[in-house]
Amino acid sequence: MSLPHAILTALLEKPSSGLELTRRFDRSIGYFWPATHQQIYRELGKLEQAGFIRALPSAQPSRGQKKEFEVLPAGRAELTAWASGEQDSKPVRNALLVRLRAAAVVGDAGLGEELHRHLALHRRQLAEYEEIEGRDFGAATEPADRLRRLVLRAGIGLETFWVQWLEEALAEVTDLAPGERPGE
């Protein structure tokens, strides 16, 4: 997945300004491919330079006026080629898992609190995803909505996994007897 392809996808769904894209990313694509305001604007410039998007003509003078962008045929072709191509999964990089591994060597001081913090974060994210599903996809019958729901279901599945795993990890860490704790 790349940010340019995420932006092309969002612009094909609805022509938008950079600010609107940033807001839309925060409510949708950003859940699985986050991007800052600066990254989005930088990519918009690159996509425009590559001939994949263009700024829509504005009735107002452009100085201080936000530009809305739309995808050009070359951009649609690029996104189509990318979406139909192969993409290998990337390995998981998770600092919490490295911390857990380190705790096995140097001790688990503070690990329980960090696991509790992560559990609360994942429970909140899961609740948010489930709320979105109920609100926006109750009876998803349109093909595009069904595919969007699949993306959301992936998020729900991942958050469910993390909640269950963190509960298991907390039980395991709590269950360690004082003499069994690493680093002691």
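Nothing fancy with the numbering, it's 1 onward along the sequence. In what follows, every heavy atom counts, from backbone to side chain, and hydrogens, waters and symmetry copies are set aside.
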> Using only atom types and a distance under 3.5 Å, with no angle test, would you say the side chain of Tyr129 pairs donor to acceptor with the backbone of Ala154?
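A pair under 3.5 Å: no.
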> Do Leu119 and Leu96 share a hydrophobic cluster, counting only Ile, Leu, Val, Met, Phe, Trp and Tyr and linking them when any side-chain heavy atoms are less than 4.5 Å apart?
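Both belong to a single hydrophobic cluster.
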> Looking at Ile29 and Ala10, what are the two nearest heavy atoms and their distance?
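So the minimum-distance heavy-atom pair works out to CD1-CB, 4.1 Å.
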> So do His116 and Leu166 actually touch side chain to side chain, heavy atoms under 4.5 Å?
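Sidechains of His116 and Leu166: no contact.
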> Check whether Glu159 reaches the backbone of Ile156 with its side chain - one donor and one acceptor, N or O, closer than 3.5 Å.
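Side chain of Glu159 to backbone of Ile156: no pair is present.
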> What heavy-atom pair brings Leu170 and Gly112 nearest, and what distance separates the two atoms?
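Minimum heavy-atom contact is CD2-O, 3.6 Å.
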> Are the charged groups of Arg117 and Glu114 less than 4.0 angstrom apart, N to O?
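Glu114 and Arg117: salt-bridged.
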> Give a yes or no on whether a salt bridge exists between Glu167 and Arg123, defined as a side-chain N under 4.0 angstrom from a carboxylate O.
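Judged by the 4.0 Å cut-off on N to carboxylate O distance, Glu167 and Arg123 do form a salt bridge.
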> Could you state the interatomic distance from CD (Glu68) to OG (Ser16), rounded to the nearest 0.5 Å?
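The distance works out to 6.5 Å.
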> Would Lys14 and Glu70 satisfy salt bridge (charged side-chain N to carboxylate O under 4.0 Å, His left out), going step by step from the backbone distance to the final call?
CA-CA 8 Å; Lys14 179 180 183 260; Glu70 70 175 353; over 6 Å; no
> Give the minimum heavy-atom separation between Arg54 and Pro57, together with the two atoms involved.
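Distance-wise, the nearest heavy atoms are NH1-CD, 3.7 Å.
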> Would a hydrophobic clustering, with Ile, Leu, Val, Met, Phe, Trp and Tyr connected at side-chain separations under 4.5 Å, put Leu121 with Val173?
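Unlinked, Leu121 and Val173 end up in two clusters.
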> Roughly how far, to the nearest 0.5 Å, is CZ of Phe52 from CG of Leu79?
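The CG atom of Leu79 sits 10.0 Å away from the CZ atom of Phe52.
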> Tell me the closest heavy-atom pair linking Ala74 and Gly51, and the distance in Å.
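Residues Ala74 and Gly51, closest heavy atoms: CB-O, 3.6 Å.
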> Under 6.0 Å between ring centres, would you say that holds for Phe25 and Tyr31?
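No: the rings miss the under 6.0 Å criterion.
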> Hey, what do you get for NE2 (His122) to OG1 (Thr160), rounding to the nearest 0.5 Å?
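Taking NE2 in His122 and OG1 in Thr160, the distance rounds to 11.5 Å.
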> Please indicate whether Arg135 has more than 12 foreign heavy atoms, meaning atoms of other residues, nucleotides or ligands, lying under 6.0 Å from its CZ.
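Correct, the count exceeds 12.
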> Within the structure provided, determine whether Gln87 and Trp82 are in side-chain contact (heavy-atom separation under 4.5 Å).
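In contact.
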> So among Val71, Leu72, Leu3, Thr80, which one has a side chain to side chain contact (heavy atoms under 4.5 Å, CB included) with Leu8?
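The option that passes is Val71.
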> Can you tell me how far the OG1 atom of Thr36 sits from the OH atom of Tyr41, to the nearest 0.5 Å?
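Separation between the atoms: 11.5 Å.
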> Could you tell me whether a side-chain N or O of Arg99 sits under 3.5 Å from a main-chain N or O of Leu111, the two making a donor and an acceptor?
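No; zero donor-acceptor contacts below 3.5 Å.
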> In Å and rounded to the nearest 0.5 Å, what is the CG to CD distance from Leu147 to Glu142?
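Result: 11.5 Å between the selected atoms.
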> I'd like to know if Asp145 pairs up with Arg148 as an ion pair, taking the criterion as any Lys NZ or Arg NE/NH1/NH2 lying under 4.0 Å from an Asp or Glu carboxylate oxygen.
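Salt bridge: yes.
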> Provide the closest heavy-atom pair for Leu44 versus Gly18 in the form atom of the first, atom of the second, distance.
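Scanning both residues completely, I find the closest heavy atoms to be CD1-CA, 3.7 Å.
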> Could you measure the distance from the OG atom of Ser28 to the CD atom of Glu13? Nearest 0.5 Å is fine.
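Ser28 atom OG to Glu13 atom CD measures 7.0 Å (nearest 0.5 Å).
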> What heavy-atom pair brings Lys67 and Ala55 nearest, and what distance separates the two atoms?
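Closest approach of Lys67 to Ala55: CD-CB, 3.6 Å.
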> Would you say Leu150 and Leu12 are hydrophobically clustered, going by side-chain heavy atoms of ILVMFWY under 4.5 Å?
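Different clusters: Leu150 never reaches Leu12 through Ile, Leu, Val, Met, Phe, Trp or Tyr contacts under 4.5 Å.
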> Please answer: with hydrophobic residues joined when any side-chain heavy atoms are less than 4.5 Å apart, are Leu56 and Leu19 in the same cluster?
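Per the 4.5 Å side-chain linkage, Leu56 and Leu19 are not co-clustered.
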> Checking Glu43 now: which residues fulfil side chain to side chain donor-acceptor pair (under 3.5 Å) with it, not counting sequence neighbours?
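Testing Glu43 for side chain to side chain donor-acceptor pair (under 3.5 Å), a comparison that skips the adjacent residues, returns none.
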> Are Trp33 and Ile40 co-members of a hydrophobic cluster defined by side-chain heavy atoms under 4.5 Å apart?
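The answer is yes; both residues are in one hydrophobic cluster.
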> Around Glu131, counting heavy atoms of other residues, nucleotides and ligands shown, do more than 12 lie under 6.0 Å from its CD?
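More than 12 heavy atoms, drawn from other residues, nucleotides or ligands, come within 6.0 Å of this atom.
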> Mind checking whether Trp165 and Trp162 have parallel, tilted or perpendicular rings, split at 30° and 60°?
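If you compare the ring of Trp165 with that of Trp162, the planes turn out perpendicular.
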